[in-house]
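This report refers to the structure that appears directly beneath it.
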Protein chains: 2
Amino acid sequence: MGTTNGTSRSKRSTIEDVASEAGVSVATVSRAMRGLPNVAISTRAHVVAVAGRMGYTADPAASRLAAGTTKTITVVIPNLSGWYFSTVVAGAEAVCTEAGYDVLVVGIGSQKDLSRILSEQYHLERRTDGLVVIDVAVAPDQADSITQRGVALTSVGSRTAGHPSVRIDNETVGRIAADHLVELGHERLAIIGAQKDNPLSFDVPTLRHRGFIGGLASHGLAVDDVRLEGGNFGVDGGQEAMAALLDHPEPPTAVFSMSDEMAFGAIMELNDRGLVPGRDLSIIGVDDHEFSRVVALTTVRQSVASHGAAAARLLIEAMQPPDGQGAAADGQLAAPIEPAEIVAPIELVVRGSTGRVAQR
Amino acid sequence: MGTTNGTSRSKRSTIEDVASEAGVSVATVSRAMRGLPNVAISTRAHVVAVAGRMGYTADPAASRLAAGTTKTITVVIPNLSGWYFSTVVAGAEAVCTEAGYDVLVVGIGSQKDLSRILSEQYHLERRTDGLVVIDVAVAPDQADSITQRGVALTSVGSRTAGHPSVRIDNETVGRIAADHLVELGHERLAIIGAQKDNPLSFDVPTLRHRGFIGGLASHGLAVDDVRLEGGNFGVDGGQEAMAALLDHPEPPTAVFSMSDEMAFGAIMELNDRGLVPGRDLSIIGVDDHEFSRVVALTTVRQSVASHGAAAARLLIEAMQPPDGQGAAADGQLAAPIEPAEIVAPIELVVRGSTGRVAQR
DNA sequence: GGTCGGACTGTAAGCGCTTACACTCTCACC
DNA sequence: GGTGAGAGTGTAAGCGCTTACAGTCCGACC
């Protein structure tokens, strides 16, 4: 119960220590350390040297409090495990760390958590400078509230109006899959992971579905395809869906799985039944998951890690101060520059899981 | 260029606003909000209500600066993508968030980065209350410096003397694999992912290697096994290693792969050569990766997510103040309680990739 | 009835930075 | 030679909390 903290953590040096040691004022130290202008080169060098010798680093809490900026970016994800998400996060983390930002991650178990995080001021406000949301739908009013709080936002996987985003063209994904399958002669097709086609919806499954159907149609194929929604986008969902398809009296000859992970499950089911992917039934996935090549899965590749990196870069860019120019615009706000929307490239990767329709 | 920040972020309420609104002092608000004692129940309720109505949340930067505690936990990992790491992180994140800690993640590209992070005060000191390091060797002096800075440390995957840890018994892992393979009649064995056996080393590959060899020995088998080190612990490394093994004039009949991911690569190589795992060559991995069941890989399971969660719990526990009791001990430090060391359970999971040695 | 301890509450001093503003020099220029 | 514009530096006022310390009140107890 002494005055000190029990653990005798050695007193660390503060900006004042450095200032007196270097024989300058704290203001100068502050400016020198942050590379601000108006510090003589010689002074800066000296201060930096002294600081280095003393092992000084600015206390982030103090900086944040004083400057009002946190130098922290928060990544919001449905869940951290899972290849897709962790890969995106990895890409984003690398860029953020490189740029000197701390990276906070928060997993949202449910949409409810999302609301809590976005609407209430918990993770926003004075806690983070920017948000990268991955595969999370941000409602316009939520986005507004985020902006109002002075927090930047970038989304990957889907877009949020008025904010930068990086995503792929999901309709084209479906179309590519359809083209590939049709070219191989398949006519009895199914989708795994489909969502009821709601023409108003813009979520990923719906778009891919739409693109796929559209692709078929442009080849003159009917669209009374069997569709199964594997409840979850993972292996289990895929397996269940494939099982259901195969139990059908007239199973499809080719299947479009909306994610590679689902496709893995589907392939398991195939294996269990002694069927060979690509020979007995063709299957194409989406992602080019790191294990797709292990099971020779044909897929529509997206380069997930780079999405994360790109999103981080957009975010950081968006957080730069408005640059002082053009502030003379008569409006009250800075000129509303169109936010960057990156549509990342996708690519068909043909492997063994798709083949010509079986002769019968 | 006005006095305000350009973006007109609506003034958020401070503790003073709440205090005056509630008709109490800031001290009372602070205490009430944090559930500290010495606040009348009625007062607390009132304050909390007012705060809620005003949408008040304490500014974390200010709290940190004033209290000296960050309510932040940092997770240090070799890389964020990859099933093992992201799964551990997911487990840890859930627990930390639940307990009200922010979770910072930092990926270390190299051991050099690690030193930077641990030795220099970058991520320590006033930035985080605790560290959970995943599969990262922390040198004793690094650990000391961390402790001295008042930062708690927990490691998963390996242990750091004097700090809590959660890991598995890697020698037993090797032994289990050996037992299984020997019981199936295999005698010509190999290891993928082995490290040169340095009897002083306690890193994961070495321990598993040692356990495996020991297991063989206890069955009376010689140990002039072929060993291949797949440079990396991933799919590629496994594939290369298996290729090398198969190119040998007398290839093994069974292989112990030190990670499931390597085993996947090995299985790919098998497939490429028209060999069937479990029939032509048995292979057993370690992890029970989420896709192991997809390729029917026999493996020694560890439940990775729970490791992360357990580590987080240990950390949080370790960060609790010393509890004031027993402070009367004549020593200058609190009684040095043995840190918890959790040795998590492992389990053999038999699937199709291992089978009786082929009749020849 | 006076006193004392405990339960509450308030006052104010920081925590370690950032930054507006003021100030001191140098020069370049007329 | 005087002046004004920078360039470089210092002073000090916060940023929004936490918390030691100092009350104030009230009921219990002698």
Side-chain angles (χ1 to χ4, degrees), chain A residues 1-6 9 11-47 51 54-71 121 125-127 129 150 321, chain B residues 1-6 9 11-47 51 54-71 121 125-127 129 150 321:
Chain A
M1 300 258 146
T3 49
T4 59
N5 205 334
R9 61 183 66 171
K11 207 74 183 140
R12 86 187 282 268
S13 42
T14 71
I15 197 174
E16 276 192 88
D17 301 333
V18 176
S20 67
E21 177 75 15
V24 297
S25 73
V26 294
T28 300
V29 174
S30 177
R31 287 190 280 251
M33 295 297 290
R34 288 179 302 147
L36 259 38
N38 282 339
V39 178
I41 337 86
S42 59
T43 308
R44 183 189 310 281
H46 178 224
V47 169
M54 300 176 70
Y56 169 78
T57 309
D59 181 329
S63 300
R64 287 166 191 179
L65 180 56
T69 190
T70 63
K71 268 291 187 179
Q121 53 283 89
E125 204 90 15
R126 304 309 234 73
R127 190 172 241 103
D129 289 348
Chain B
M1 299 271 140
T3 50
T4 58
N5 207 334
R9 61 182 69 173
K11 206 79 182 139
R12 88 186 281 268
S13 43
T14 72
I15 197 173
E16 276 192 89
D17 301 333
V18 176
S20 67
E21 178 75 15
V24 297
S25 72
V26 293
T28 300
V29 174
S30 176
R31 287 189 281 250
M33 295 298 289
R34 287 178 303 145
L36 260 38
N38 281 339
V39 178
I41 339 88
S42 58
T43 308
R44 184 188 311 280
H46 178 223
V47 169
M54 300 177 69
Y56 169 78
T57 308
D59 181 329
S63 301
R64 287 165 190 178
L65 180 57
T69 190
T70 64
K71 270 292 188 175
Q121 54 283 88
E125 204 91 16
R126 305 307 236 73
R127 189 174 242 97
D129 289 347

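We name chains A, B, ... by the order of the sequence lines, and we start the count at 1 in each one.
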| Once you round it to whole Å, what is the distance between P of dC8(C) and NE2 of His46(B)? | 17 Å

| So, do Thr57(B) and Arg12(B) sit near enough that their side-chain heavy atoms are less than 4.5 Å apart? | yes

| Which residues, if any, of residues 28-35 of chain A bring a heavy atom under 4.0 Å of DNA chain D? | Thr28(A), Arg31(A)

| Closest to side chain of Asn38(A), choosing from dC17(D), dA12(C), dT9(D) | dT9(D)

| field | Any donor-acceptor pair under 3.5 Å from Thr43(B) side chain to Val39(B) backbone | value | no

| Does Ser25(A) put a side-chain nitrogen or oxygen below 4.0 Å from OP1 or OP2 of dG10(D)? | yes

| said: So if I take every side-chain heavy atom of Ala67(B) and compare against dC8(C), dT18(D), dT18(C), which nucleotide ends up nearest? | reply: dT18(D)

| note | Here the pair of heavy atoms bringing Met54(A) nearest to Ser13(A) is O-OG, 3.4 Å

| task | Please report the shortest heavy-atom distance between Ile15(A) and Val26(A), naming the atom on each side. | result | CD1-O, 3.6 Å

| Does the side chain of Thr14(A) get closer than 4.0 angstrom to OP1 or OP2 of dC15(C) through an N or O atom? | no

| request: Take the protein atom CZ of Arg44(B) and the nucleotide atom P of dA7(C), then report the distance between them rounded to whole Å. | output: 14 Å

| query | Rounding to a whole Å, what distance do you find between Arg64(A):CZ and dG16(C):C1'? | reply | 13 Å

| message | From the set dC15(C), dT18(C), dT11(C), return the single nucleotide nearest to any side-chain atom of Ala27(B). | response | dT11(C)

| request: Of all the heavy-atom pairs spanning Val24(A) and Val47(A), show the shortest one and how long it is. | output: CG2-CG2, 4.0 Å

| said: Within the 4.5 Å heavy-atom criterion, are Thr70(A) and Arg126(A) side-chain neighbours or not? | reply: no

| query | Using the C1' atoms of five pairs at each end, what's the angle between the two axes of the helix from dG1(C)-dC30(D) to dC30(C)-dG1(D), to 10 degrees? | reply | 50°

| query | For Ile41(B) and dT9(C), what is the distance between atoms CD1 and C1' respectively, to the nearest whole Å? | reply | 14 Å

| note | Heavy-atom nearest nucleotide on DNA chain D taken for Leu36(B) and for Ala61(B); more 5' hit belongs to Ala61(B)

| If you measure from OG on Ser25(A) to CZ on Arg31(A), what distance do you get to the nearest 0.5 Å? | 6.0 Å

| Interatomic distance, Arg126(A) CZ vs dC15(D) P [rounded to whole Å] | 10 Å

| said: If I take atom CZ in residue Arg12(A) and atom P in nucleotide dC15(C), what distance separates them, rounded to the nearest angstrom? | reply: 14 Å

| message | Rounded to whole Å, please give me the gap between NZ in Lys71(A) and C1' in dC17(C). | response | 16 Å

| remark: To the nearest angstrom, the CD1-P distance between Ile15(B) and dC15(D) comes to 14 Å

| Shortest non-hydrogen contact from Tyr56(A) toward Thr14(A) | CE1-C, 3.5 Å

| So which one's nearest nucleotide on DNA chain C is more toward 5', Ala40(B) or Leu65(B)? | Ala40(B)

| Which distance, rounded to the nearest 0.5 Å, do you find between the CZ of Arg44(B) and the CG of Leu36(B)? | 7.5 Å

| message | Quick check against the 3.5 Å criterion: does Asp129(A) have a side-chain atom that pairs as donor or acceptor with the backbone of Thr69(A)? | response | no

| query | Which nucleotide, dT9(C), dC17(C), dT9(D), lies nearest any side-chain atom of Val39(B)? | reply | dT9(C)

| DNA chain C: 5'-proximal contact among Val24(B) and Ala62(A) (nearest heavy atom) | Val24(B)

